[in-house]
Amino acid sequence: MSLSNKNEQEKNIRVTEDKFLAPENRKHTVIGPGGEEIFVDPLNDYFCTEKPKVEKPYKGILEKFYNWARAESLWVLGYGTGCGSIELPPLFSPRFDAYRFGVAMRPTPRQSGVFIISGYLAVKTLKRVIRSYEQMQNPKYVIALGSCTINGGMYWDSYNTINRLDHYIPVDVYIAGCMPRPEAILSGFNRLKEKIKEGRAEGANEYIEKLEWYKANQKKIIKDWNMPDYNW
Amino acid sequence: MVSPIYIIAILLGMAFMLGLLSKSGTRIAGILTSVSLALPVYISISWFIQILSGNADAITIFTAGSVPPFSINLVMGLEEAFFTSAINILGLLGFIYLSADLKKQGVRAMALYLVLIMGLNVVVMTRDIFNLFVFMEIVTIAVAGLIYLKNDNQSKEAGFKYLVAVGIISLFFLIGIGFFYFYGGTLNIDGFIAANSVVVKGATIAIFFIIISIILELKPFPANGWALDVYQAATPGVSALISSGTATASIFVLYKLLPLGSEIWLQILTVVGAVTFLGSNFLGISQKNTNRLLGYSSIGQVGLLMMVIGFMPQLGSAFKMIFFSVFISHFLAKAGLFWLSGIVKKESITDWGILRGSNIALFLFGIFLFALVGFPPFPSFYGKWQMVMELAGTGRFIWIVIILLGSFFEGLYLFRWLGYAIKGEKSNEEKLQIPWDKIVPPFIFGISLFIAAYYANSMSVYGNTINLIPLVFILLLFVIDFLPAYIKNTITIGAMVYYAVNLYPSISDDTLRVVFAAIFLIGGILTMIAGYSVKGKRKGFFPFAVMMYFGLIGLIEAENLFQFFFAWELMTLGSYILIIRGKFSMKHAFNYMLFSLGGAYLIFLGIAMSSFGNTSLDIGIIGLSTMPGWSYTLLAIGFLTKTAALGLHIWLPGAHAEAESDVSPMVSGILLKGGVFGLIVLFLAMGGEQAASHPLLYSLGWLGAITALGGNLLAVFQEDAKRLLAYSSVANLGYILFALAFMTNIGWLSALTYSINHFLFKTLLFLAIGGVVLRVKTHNMYEMGGLIKQMPWSFIAVLIGIITLAGIPPLSGYAGKWLFYNAVITKGWYFQGVLVFFAGTIAFLYCFKLIYSVFLGQPKDRFRKVKEAPIWYLIPQFILIIGIMIFSARPDLVLKPIGALLTQSSYFPSDSLSWENVTASTNLGYWSGYKIMLVIGVMFAVLLVWLMYMSRKTQKVKQFNIVYAGERPFTPETTHFSHNMFSHYYKALGFLSAPLATRFWNITNDITHRIADGSKRLYTGNGQTYLAVIMAYIIIIYLIMF
Amino acid sequence: MTNLFSIEYITIFTSFALLVLGLWGIISQKNIFKIIISFSIVNTSIHLLLVSLAYIRNRTAPIIDSAVDRVNAAEKVVDPVPHALVLTAIVIGIGITALMLSYAFTMYKQHKTLDINQYKSLKW
Amino acid sequence: MELVKKIGFVLLGLFIILNWGLIMSGIIRKIIARLGMRRGIKVFQPYINLIKNYSIRSQISHGVMFYLGPVFRLSGGIGIFLFMPLIHGSELWSNFSFTGDLILIAYFAFFGMLGMALGAGEGGHPYSAIGISRGLAQFTAIELPLTLAIISIAIQYNTLSISEIVAAQQGGIQNWTLVTNPFATVAAMISFLGAMGHSPFSVVMAPQEIPIGPPTEYHGTFLGILQTNRAILHVIEAVLYMNLFFGGATNWGILILKSFLVYFWSVFVGMVFPRFRVDQSIPWLLKLPVLIGIIAIALLII
């Protein structure tokens, strides 16, 4: 449970409860059918508070085989986080035809393996990105699109965007440019494939191993942290 | 033996004596009056017993020491003894009841009371017409005086109207007497009859005036406004005297004087009685004032008695029994009801909820009402049955219709009233005050009803075929009602087990009966087990539950139509009370009763028509009916009210949904099969396969198909879990009706499979949902959700239930579907069949809605701490699940014997199912329940093990750990998709679920009530108008006669 | 037969006239007292009818006095029974009328009106 | 021994059907891609997807029914396979079709649907429930033309046994139901469109509106099972229609060809027509297709 030290966490909770907690997330009591009082703590009761575990890769040829399959079947979460997402639809057009490479869009994080962060990331969006990323299943890969995800790009001094994406979630492949063309993205996919096949794309486990550091970074940016520490 | 003259002597003497007593002596006067009222009771009853047992003969008392025509003579025969006994008992009890009021008014009021009773006695006994007139006038004066007892504006007004009206009527009587003497030369009734002066033209006018006045005294509709006002305004104790006492005397006078007239008077009397019975009861339906309502009912009953007298020659030897049972019901019940009304002191029937304050009063109220409407085992049931049968024997069906219609209207307002009493609103401040002197008289009358019922039973032709032991057991349950529920429950279950064990050998050779007996008794026992979860005493539940079950069993045991109808009515009565026990059941139970009553009367009429031209009443005579079209149709519609065919279904959803949790399975899974059994009896009597092309069956087939579709479609759009199941029952009964209407071997087999299945899964589902409702205390599915965690066992039960309901292999529901397809194609009813299959797929929608909305989806905070349903609910559920499993795996165990029976009997010899070990086949297809179950079971197990291996490392998450487009759900309530789940379906097909039937019945109901209400305006309240109506009535009767 | 204007016919016609008159009064008069009076008229008419039905031509009243001796009273007097009936009927009629009047009296005390149309609190 | 042999052949048949299902969907996807002037996926892409899904390391579960849902679903698919005779005239390839007839298959289709509905329901996701409510609602209407067609051919052949229906169609194309009872065939083939879930009846799984509907919470092995089932189900449903209307198959080659063509029909229509909403598709299905079905019966009983 304790990700940072305990005092800080408690303070954190108090602050969020005081300022940012939405009414439906506040602790309250309801009356049951038999007239009994039931205490409800939405953040703890509605969400699983288990800590995620590192899922060790298989050994040897089995893992290689699986990695091949993972690399040849990249299901991308259809979530356009920034302006770079305009470059994604052409990927599936006859001209670029990403299907050739086993790339496909999936509408739900549960079924997707690849998360493309397409450009600058507003703090508001970061929260959604973290949720969606955590809801994806291990193994999962992140492709960061454009300069904004590397160093903030033209928004490097913005009050509202993050500068370095890999402070918040592990990134497997960066594709530079503002914005990168679809060809560049395809090339990025191929780089990712190589990485997977080599067994080096273990971002999901890395995230769990260094969860405390990631969480600290995330919470530094996101003031209204009104969700559980890990979104299953 | 004391001479009956002493009745008069004592009463009159005491009346004079009281005049001498000073005003301060009310206490002594009260005692003296009671004694002097008790002595005539003894005298008349001893005469009655002596004459009845043959120890004494009727005697004639000659006054003034000479014989008629020179003196007045009084006769004490059997009838006189009976009626005087009735009057004197009423007098004594009425005095006890009224004593407080009378004491307030002083000794003179008591004298008046004595004079009244004396007058009534003489009116009964005298054989002199002028003496009759005199004492009728004395009675009038006494009654007018007693009406004044209440001493308020209304009673004065009513008393005046009464006095003027009766005064005028007796003046006509006096004219009659003048002519009577002029033409007959005597004042003695017997002398006049002996002189046979009817031939003299003038005597007709004398008799006209005499009889018409007596008829008017009996308040024929519509010349009875004055009487209604009196009933309403007089203090209820006096109304009881008028209703039971003076009406009794008057009806006897009519009986006594009728021999004077010619045959035509009987016909006139029949018409008058019929008009009165029907008219008065019809106008009563929109009446809300308690005493006035009783007045309408009272007048109606007297009308029925007039009809009975009018039909004297046709009824023949049964006349006495019929007259006795109808009369005694009216006499006891009406007096009792007036007395109860005096205790309750509520003007409007809507305020009668206060009656619940006293169990005994409520009990008495109930039995009085049931006795009036003519439910078994009360006397009027026997009477009405016998009367209808005798009339049917001579083909007088119009009259039967009138009797039944009148009874229906009477049932309508009486049951509305009962509904208010059992379920009406009741303020907590008000307490029902029941002094002993007010409750003893109705109590004695209530007990007397049972004694009278026993006599009516023994007098009835078929009465001795009724098994009274269950009824005694039911009474016993009333007696031990103070015990805790679990003891009574155990006793009840024990009795049912005992009954089942004893019943089995007698029906074991008839598989059909065994199946239904098993549904009724095993189902009964299982649902009673659920009753163990009820704490406290559960007053009034067990007698009626037992009544319903014994009614159902009675249907199976019935050897003749009388037993059948008796059991049918018993079942209706028991189930009505069970249904009305629900919290919001008043309206629904009322609807149920109306449809049941209407249905029962249609069945009654159907039976009557079948019996026409047949000598016996065996069930088989339905098939020998000389007007098969009528009797089949009537019986079918009657049974369909119970199976809730579309159009007749509107009572069902509410009744089943609002009933208590463990009552719903009783009335749904089990009770409905009563109607199915009725249909089976009817169809078998029609001749089985030979009747397969009967047009009635064709229309019933369509009706069944449409019912299946409509029921399922309506179920889809319900938000109330129990209502959903109720509509599903409508649909399932539609399937059964449809399959029965095939009249083929396989069709019947599928109907029976359906019946068994429906019993299994609907009882299971209602028990499971009932258990849930018990815990979460709401019926609305969208308020529930995610209960699988708290109630896993209930979830399993519902899951099994819906798989069976939907007919998904490998469970037994599929057996029904498969047989159904075969039957449809064999029979050639393709389009109806398609409709039914369409309905079958619609069933998936509500099956999913039911299990998803309740058990899956988002759990609600409110229900975090609810517990699993009570163990007593789960035990029967799992017994039923075992039943379903056995029936699914080895359907041959049940279907083989049924098939064998159907094939061997002469009804369905051809095209049967053939069995090869466990594989059934028709000439179309084949199916092996056992193997299918095996294949699917093995496969499912293998896959489960595989998946469990593959995903052994899953992380269990909580309710909001769902992907929500990067967001999180708001609250469980907004995340649970349940309310209006099938809105798109409603857009597409919602027009088919328009409540046409409800609208139709509402309009019918509305129009009926409006007409009744409008016609009621006839009673303007103006005394003068009443008089004008009386005169017009005389003129009209005169014109009719001559 | 007998003359239409003979005494028995006249009385019978009179009684019928009175009967009709009384009945008409009962249903047409609004005043309760007038209704009671009409009732009495009907009552009287019936008494008259009874007496006239008992009448036998050329006979005298059934009173045993100097005019009629006990021995052959049967040939001299009219039928005595209706007379006895009428006597009783008169008594009863008076009783009823008295009760009616007392009712009328109490009703009047309450409502200060004798119009029968005003007494319609009980209806339907 | 007899039983072991039987089970062996059943498993072999299942293996063939599964592989054919996967390849068939690959081919179809390829054809669609070529229609869109794309190269499209590899033909074996469905295999890769399947392996990938089975290789997912972490999984979450919402409850027991969430777990059992895919099992029910796959049981439903395999169950239909088990009760379906595959090759005409071959005892070995007739699976367990001796336990039940056409009606069994028609009703066993519900088994998987119910399981899916329950599993998705347990997921607690409103979109799953919306998808299911749409699917079930549309299904009632889809089933109606099929019912009419089944009754029509039951009248025609006077049997409900699939083997006998296939046997009756042997001896040339002129004996196929397609020729002898065209109206029933048309009605059933419209119903087949709905059963396959392509356009115009694909609103059940609207990918963006209700992220692919019922299986929105399913992933990893669960999704793998669902995909496996899909592969089997598509072929076996096509085989059912093939058996009923297109003369069945006397060997595996014909089975593969015919099932491909039958399945392709639904893909073809799906590519050409846009999507119906549920409240549009139901009235549509209840009008023309039902009328055709009624004609199919009426022609036979006149």
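Every chain is numbered from 1, with letters handed out A, B, ... down the list of sequences. We use all heavy atoms of the structure for the numbers below, so side chains are in, but hydrogens, waters and symmetry mates are not.
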Which atom of [X] lies closest to which atom of [Y], heavy atoms considered:
| X | Y | value |
| --- | --- | --- |
| B:G167 | C:F39 | C-CE1, 3.5 Å |
| C:T88 | B:F130 | CB-CE2, 3.6 Å |
| B:E137 | C:I96 | OE2-CD1, 3.7 Å |
| C:L99 | B:G145 | CD2-N, 4.5 Å |
| C:K120 | B:E157 | N-OE2, 3.3 Å |

Looking at [atom1] of [X] and [atom2] of [Y], how far apart are the two atoms once the value is rounded to the nearest 0.5 Å?
| X | Y | atom1 | atom2 | answer |
| --- | --- | --- | --- | --- |
| B:L163 | C:S102 | CG | OG | 8.0 Å |
| B:Y1026 | C:K123 | OH | NZ | 9.5 Å |
| B:I141 | C:I92 | CD1 | CD1 | 7.0 Å |
| C:Y119 | B:K161 | OH | NZ | 11.0 Å |
| B:I177 | C:L50 | CD1 | CG | 8.0 Å |
| C:L122 | B:Y231 | CG | OH | 14.5 Å |

Within 6.0 angstrom of [X] [atom1], more than 12 heavy atoms from elsewhere:
| X | atom1 | answer |
| --- | --- | --- |
| C:Q110 | CD | yes |
| C:F33 | CZ | yes |
| B:R1010 | CZ | no |

Which region of [X], side chain (C-beta onward) or backbone (N, CA, C, O), has a non-hydrogen atom less than 4.5 Å from a non-hydrogen atom of chain C, or is it both or neither?
| X | result |
| --- | --- |
| B:I138 | neither |
| B:L228 | neither |
| B:I147 | both |
| B:F160 | both |

With chain B as the partner, which of [options] has the greatest number of non-hydrogen pairs under 4.5 Å?
| options | result |
| --- | --- |
| C:V86, C:L19, C:I32 | C:I32 |
| C:T97, C:V81, C:N117, C:I35 | C:V81 |
| C:V91, C:I36, C:D79 | C:D79 |

Given heavy-atom pairs under 4.5 angstrom as the criterion, report whether the side chain, backbone, both or neither of [X] touches chain B.
| X | value |
| --- | --- |
| C:S15 | neither |
| C:L49 | side chain |
| C:L23 | both |

Task: Interface residue of largest heavy-atom contact number with chain C, from B:I175, B:L1027, B:L283, B:T140, under 4.5 Å - done: B:I175
Measure the shortest side-chain to side-chain distance between [X] and [Y] over non-hydrogen atoms and say whether it is less than 4.5 angstrom.
| X | Y | answer |
| --- | --- | --- |
| B:F173 | C:I46 | no |
| C:H111 | B:N153 | yes |
| C:T106 | B:Y148 | yes |

Open item on the list: When you measure from the side chain of B:Q1024 to the backbone of C:I26, do you find a donor-acceptor pair of N or O atoms at a distance under 3.5 Å?
Closed with: yes
